[in-house]
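Heads up, the thing below is written out as structure tokens.
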Amino acid sequence: MQTTFRKIGLIEKYRQHLPVTASTPVVTLGEGNTPLVQAQNIPKLLGYPNLQLFFKLEGLNPTGSFKDRGMTLAISKAVEEGARAVICASTGNTSASAAAFATKAGLKCYVLLPHGYVALGKLAQAIHYGAQILPIKGNFDRALELVRELADQTPVTVVNSINPYRLEGQKTAAFEVVEHLDRQPDYLCIPVGNAGNICAYWRGFKLYRELGITSAAPRMHGFEAEGSAAIVRGEPIKNPETIGTAIRIGNPASWQEAVRAASESNGKIDSVTDEEILSAYKLLGTAEGIFTEPSSAASLAGLIKHLKDGTIPHSALVTCVLTGNGLKDPDTAQKVTSVDLTPVDAEIDALKKVMGL
Ligand code: AN7
């Protein structure tokens, strides 16, 4: 019996909407096709029983974040164009994804990281996939400036979202949301850091509307962390701060396109506090069984804010994008919930006593 290998990954699935040809070498780790899961308990708990809420679980991509969608295309095109080395600045997830895809393609990978502000799991990934790690004494915004300069002076290909292929790959997430719902959501809520992903989703939704696959497009509601909310404040932030280290970015690269995405879609870019982010982060775990990283919970935190202030109607069909996997940041998970981990005697009676049974 002859068996055929079914091609995987989002380039194969969506190639007619992507800038590839039959001769583009496809570098894939099986990214995309992530679950869209309906909330079971949160709408009632919040007091909005008619809310139709779905979570796009991007943490189930091969390196645990949405970055893999853009990286499969950016690395495939880099190989096609003859690159030998790639480079990125990163708050963590881009570095993990770049390192994995570069390794698979046989490319050298350099990653510039803001020293002390990358979640443990992401750093472990970049190391494990064999990237050359360059922690810098500066934040993400400085790292990205340095990457742009290095790319001008040396033969390295930048795979940050300023690489045009990144957002083209990432727009496929919008296609999946439409296919899973069999229509467009009314609202899309999404975290905003460097502001690329909100633009990518908007491109995807707009394309499906143009092609007549949907009759309308959702309103895009993007959420920055309050201590890093450059777009909301209307000026770059020199020393951005937030518990969500992934979105600790003070001068977003896709600023203007993100503002256009929000205005063209009749949506909004707003901010949420670290307290609101952590509260949504915990709620996802305790009410829905979803472990996402703190930055990702900015989408739910923002939705809650906009339900409360009436910006989003209480019976809307909403998709919240959960951009990264909670396992990437075990430190924050342990810090934010105090649990008694004192060992119990390994005896039935001792356990029953502690369990109150
Ligand atoms: C989990 O990895 O910028 O607004 O260098 O890791 O498209 O930047 C990560 C960003 C949201 C924000 N959620 O997306 C990086 C990086 C998670 C993230 C964002 C990031 P953009």
Side-chain angles (χ1 to χ4, degrees), residues 34 56-61 63-71 74 87-100 111-114 117-119 121-123 125-126 131 136 139-144 147 158-163 166-167 169-171 173 188-203 220-225 228-231 240 242-255 257-259 261-262 269 271-272 277 280-281 284 291-302 320-329 332:
T34 57
K56 180 72 171 151
L57 302 185
E58 288 290 275
L60 275 81
N61 275 299
T63 77
S65 85
F66 71 98
K67 303 288 182 182
D68 294 343
R69 293 183 184 276
M71 211 54 77
I87 190 167
C88 65
S90 179
T91 56
N93 280 326
T94 299
S95 71
S97 186
V111 303
L112 271 70
L113 305 175
Y117 289 92
V118 173
K122 303 176 189 179
L123 186 59
Q125 286 180 289
I136 65 154
N139 61 26
F140 169 84
D141 302 290
R142 180 65 188 138
L144 187 55
V147 160
V158 179
V159 292
N160 279 104
S161 54
I162 53 177
N163 175 317
R166 278 278 313 277
L167 299 191
Q170 284 173 219
K171 78 185 179 194
L188 186 96
C189 294
I190 186 167
V192 172
N194 216 17
N197 211 25
I198 188 172
C199 305
Y201 271 87
W202 182 234
R203 287 186 197 179
M220 310 295 292
H221 285 226
F223 299 95
E224 299 183 290
S228 314
I231 299 176
T242 167
I243 180 101
T245 52
I247 55 173
R248 186 175 168 272
I249 295 173
N251 190 14
S254 299
W255 187 319
E257 189 178 339
V259 168
I269 294 181
S271 64
V272 284
I277 289 174
Y281 169 71
L284 283 163
F291 192 16
T292 189
E293 60 175 286
S295 302
S296 306
S299 59
L300 176 60
C320 280
V321 183
L322 299 180
T323 45
N325 197 303
L327 291 169
K328 285 173 175 273
D329 192 354
T332 304

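Residue numbers start at 1 and run along the sequence shown. Note that ligands are numbered from 1 as they come in the structure, with each ligand's atoms numbered from 1 the same way.
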*asked:* Suppose we screen for side-chain hydrogen bond (donor to acceptor under 3.5 Å, both in side chains). Which residues come up paired with Ser65, at least two apart in sequence or across chains?
replied: none

*Decide if atom OH of Tyr117 counts as having more than 12 heavy atoms of other residues, nucleotides or ligands within a radius under 6.0 Å.*
no

_Has Gln125 got a side-chain atom pairing as donor or acceptor with Thr63's backbone, closer than 3.5 angstrom?_
yes

Would you mind writing out a table of all protein N or O atoms found under 3.5 Å from any N or O atom of ligand 1, naming both atoms and giving the distance to 0.1 Å?
| unit_1 | atom_1 | unit_2 | atom_2 | d |
| --- | --- | --- | --- | --- |
| ligand 1 | 2 (O) | Ser90 | OG | 3.1 |
| ligand 1 | 2 (O) | Thr91 | OG1 | 3.4 |
| ligand 1 | 2 (O) | Asn93 | N | 3.2 |
| ligand 1 | 2 (O) | Thr94 | N | 2.8 |
| ligand 1 | 2 (O) | Thr94 | OG1 | 2.9 |
| ligand 1 | 4 (O) | Gly193 | N | 2.8 |
| ligand 1 | 4 (O) | Asn194 | N | 3.3 |
| ligand 1 | 4 (O) | Ala195 | N | 2.8 |
| ligand 1 | 5 (O) | Ser90 | OG | 3.0 |
| ligand 1 | 5 (O) | Thr91 | N | 2.8 |
| ligand 1 | 5 (O) | Thr91 | OG1 | 3.4 |
| ligand 1 | 5 (O) | Thr94 | OG1 | 3.3 |
| ligand 1 | 6 (O) | Asn93 | ND2 | 2.7 |
| ligand 1 | 7 (O) | Gly196 | N | 3.2 |
| ligand 1 | 7 (O) | Asn197 | N | 2.8 |
| ligand 1 | 8 (O) | Asn194 | N | 2.7 |
| ligand 1 | 13 (N) | Thr323 | OG1 | 2.6 |

*For Glu293, all residues meeting salt bridge (Lys or Arg N to Asp or Glu O under 4.0 Å), sequence neighbours excluded*: Lys122

*Which residues pass the salt bridge (Lys or Arg N to Asp or Glu O under 4.0 Å) test with Arg166, sequence neighbours left out?*
none

*asked:* Between Asn160 and Ala89 (side chain of the first, backbone of the second, donor and acceptor by atom type, cut-off under 3.5 Å), is there such a pair?
replied: yes

